[in-house]
Every structure is written in C-alpha cells, then in structure tokens.
Novice: 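Here you go, one structure.
First the proteins, then the strands, lettered A, B, ... as listed; each starts at 1.
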Protein chains: 2
Amino acid sequence: MESCCSMKGFLTFIVLRLISKKNMSGEDIREEIRKRKGTRPSPGTVYPVLKYLNKNKFIEEISSKGKIKRYKITKKGKKELNEATNKFCMLFYDMKDDISRRCN
Amino acid sequence: MESCCSMKGFLTFIVLRLISKKNMSGEDIREEIRKRKGTRPSPGTVYPVLKYLNKNKFIEEISSKGKIKRYKITKKGKKELNEATNKFCMLFYDMKDDISRRCN
DNA sequence: TTTCCAATATCGCATAACCGATATAAACAA
DNA sequence: TTGTTTATATCGGTTATGCGATATTGGAAA
C-alpha cells in the first residue's frame, strides 16, 4: 500500500520515443527501460506494444538478417509522436526544472 | 484506433504534485488539469484520488469554512513526491529538451 | 546433425485508471 | 420554508496496462 504514484502508463509513448531516437529491437527496448526504471519489463509487456505500433504503421521492421527484428519509426509514427510529445509537454511542462535539477 | 499513446496514468502523481505547489480543492484540480489537457477529468476520477491520498496521509485537509475542502501536502507526502519525481526524471530525463522547445 | 540458447510471439489474467451516473451536503436566494 | 446551485462522495463498469507462463523460431555451438 506504500508508494502512491505507480507510474503505470505511457509505455507505448516511451517505446515509440525510444525507437524514434535509434532503431531498436525488443530486447534493446527492454534493456533501455531497465536502465531507466531499474526493472526489466517482461516480454509479455514489450512485444505486444511493438506489434501494435507495427500494425498501425507507426514503426516498421528494417531489413534484418537473423531472428532479431529491429524497428524504425515511420513518417506516420513521427507525426504521431510529435502530437503525443505536445500533449506530454502540456501536461508536464513544469517538470523541466525538476529534471534539470536531478539529471545533470 | 487512431492515436496511440493514450497517456492514461500518472494522475495520482499529477494531483500530488499540484497540491505540493499550492493548496487546492478538488475543483481547483479539475480546472488545472483541464487547462493542461484540454479535458476536465470527471468527479469520479478526481475525488477518489484525493480520498486515497488523504487516507494515506500524503495530503491533509486544511481548515475550511464552507463545503469546499482544500488540501495541503504533508511531510510524508513531500517525501513520497520526491521519490516519485526521481522515478519520473529517470524515466523521462530526455524530455527536458522537448519541454524547453515547446513550452516557452 | 543435434543441442542449446536467445529473441520473439501469444494467451489469459490481475490490476489500475478513469468515467458516467447518481447521491449527498452545504450555502445561498427567493 | 423551498428551491437552486455547486462541491464533494461513491458505486459500478469499461478499458488499458502490464505481467507470468508458455510456445515458437532461428542461429550458434557442439
């Protein structure tokens, strides 16, 4: 019951954002999130998100030899991400100072 | 099906944070969120959050004449918020530039 | 080849988040 | 008093989020 602010949510946003910065595979994403949150999201968390983003053409597979699938963001995905980022910033515009204070 | 990144979540965090900046009532909070998101959260959304935060001593009622209840953050709430903010910043540290670019 | 491992895929489930509707209560006006 | 408005409270239900478990697949190693 301790710890309010579960911070559940926004995973789709985070994943799309990560891929927009660098082409990534599912495992790359799991690892990057582990670095940031301390916990590695389960496969059952990450792969359905990738599937959803791919299905809706926000990301697409890049030619890959082997079993590792890497994705890159699409035009549509960039547009979507831009809008989502706007919303995020409207909501959290005053987090800027906190971030600066804690992450430099 | 359009618009990924529903951005559902983080409401408890947002509410605690708003109250930490300024003593607020439920309606104050609804209005502030409307300003940021464009949509006014329903009473069924906001009041249960306040109840939860109050019950767990993260916020407390300040003496109020009349029916309007205003809350202020407690010591425990500040501690909790600080930890939550740390997590948030770890997760979104690279949003700083986006926020700067869009919100000035 | 066979064996093993690592990356991906999928399914069912538990929980959380949020909403709509409705109820209560307090203040004020007529 | 009665009626009206506004803030708060609560309940049930829907949707989304993320997890655990398990299956599948391809490559590498033996």
Novice: For a quick test of reading the model, state the closest non-hydrogen atom pair linking V46(B) to G26(B) and the distance between them.
Specialist: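 Where V46(B) meets G26(B) most closely, the heavy atoms are CG1-O, 4.0 Å.
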Novice: Using the six-membered ring wherever Trp is involved, compare the ring planes of F10(B) and F88(B) and label them parallel, tilted or perpendicular (cut-offs 30° and 60°).
Specialist: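 Taking F88(B) first and then F10(B), their aromatic rings stand perpendicular (interplane angle over 60°).
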Novice: Hey, which of these two, P43(A) or T12(A), hits DNA chain D nearer its 5' end, going by closest nucleotide?
Specialist: T12(A)
Novice: Hey, does the side-chain of K51(A) have a donor or acceptor N/O within less than 3.5 Å of a partner on the base of dA9(C)?
Specialist: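 Not at all, since no donor on one side and acceptor on the other fall under 3.5 Å apart.
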Novice: Check the distance between dA7(D)'s C1' and E31(B)'s CD and give it to me in whole angstrom.
Specialist: 14 Å
Novice: In whole angstrom, what separates N54(B)'s CG from dA7(D)'s P?
Specialist: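 Rounding to the nearest Å, CG of N54(B) and P of dA7(D) are 19 Å apart.
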Novice: Using whole Å, what does the distance between atom P of nucleotide dA7(C) and atom OH of Y47(A) come to?
Specialist: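 Taking OH of Y47(A) and P of dA7(C), I get 7 Å after rounding.
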Novice: Would you kindly give the CZ-to-P distance between F13(A) and dA16(D), to the nearest whole Å?
Specialist: 19 Å
Novice: Between atom OH in Y52(A) and atom P in dA16(D), what is the gap in whole Å?
Specialist: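 Whole-Å distance recorded here is 9 Å.
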Novice: Please confirm whether the shortest side-chain N or O distance from K69(B) to OP1 or OP2 of dA26(C) is below 4.0 Å.
Specialist: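 For dA26(C), neither OP1 nor OP2 has a side-chain N or O of K69(B) closer than 4.0 Å.
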Novice: Could you tell me whether G26(A) contacts a base, only the sugar-phosphate backbone, or nothing, with contacts defined as non-hydrogen atoms closer than 4.0 Å?
Specialist: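 The residue G26(A) makes sugar-phosphate contact but no base contact.
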Novice: Is there a donor-acceptor contact under 3.5 Å from the side chain of T74(A) to the main chain of E60(A)?
Specialist: no
Novice: What is the nucleic acid contact for G44(A), judged by heavy atoms within less than 4.0 Å: base, sugar-phosphate only, or nothing?
Specialist: base
Novice: Just to confirm, is there a sub-4.0 Å distance from OP1 or OP2 of dA16(D) to any side-chain nitrogen or oxygen of K8(A)?
Specialist: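 Result: no.
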Novice: When you measure from the side chain of S25(B), which nucleotide among dC5(C), dC19(C), dT8(D) comes out closest?
Specialist: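 Given the options dC5(C), dC19(C), dT8(D), the side chain of S25(B) is closest to dT8(D).
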Novice: Just checking P48(B): base, sugar-phosphate only, or nothing, at a heavy-atom cut-off of under 4.0 Å?
Specialist: base
Novice: Whole angstroms only, please: what is the CZ-P distance between R34(B) and dC19(C)?
Specialist: 14 Å
Novice: R70(B) CZ to dA26(C) P: how many Å, rounded?
Specialist: 17 Å
Novice: Could you work out which one of dC19(C), dC18(C), dT8(D) sits closest to the side chain of S42(B)?
Specialist: dC19(C)
Novice: From the list dC19(D), dC19(C), dA7(D), which nucleotide is the closest neighbour of the side chain of T45(B)?
Specialist: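 The answer is dC19(C), which lies nearest to the side chain.
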Novice: Once you round it to whole Å, what is the distance between P of dT8(D) and CE of M24(B)?
Specialist: 12 Å
Novice: Strictly under 6.0 Å, is that where the ring centroids of F92(A) and F92(B) end up?
Specialist: no
Novice: Is atom NZ of K21(A) surrounded by more than 12 heavy atoms (other residues, nucleotides or ligands) closer than 6.0 Å?
Specialist: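 Check passes, neighbour count above 12.
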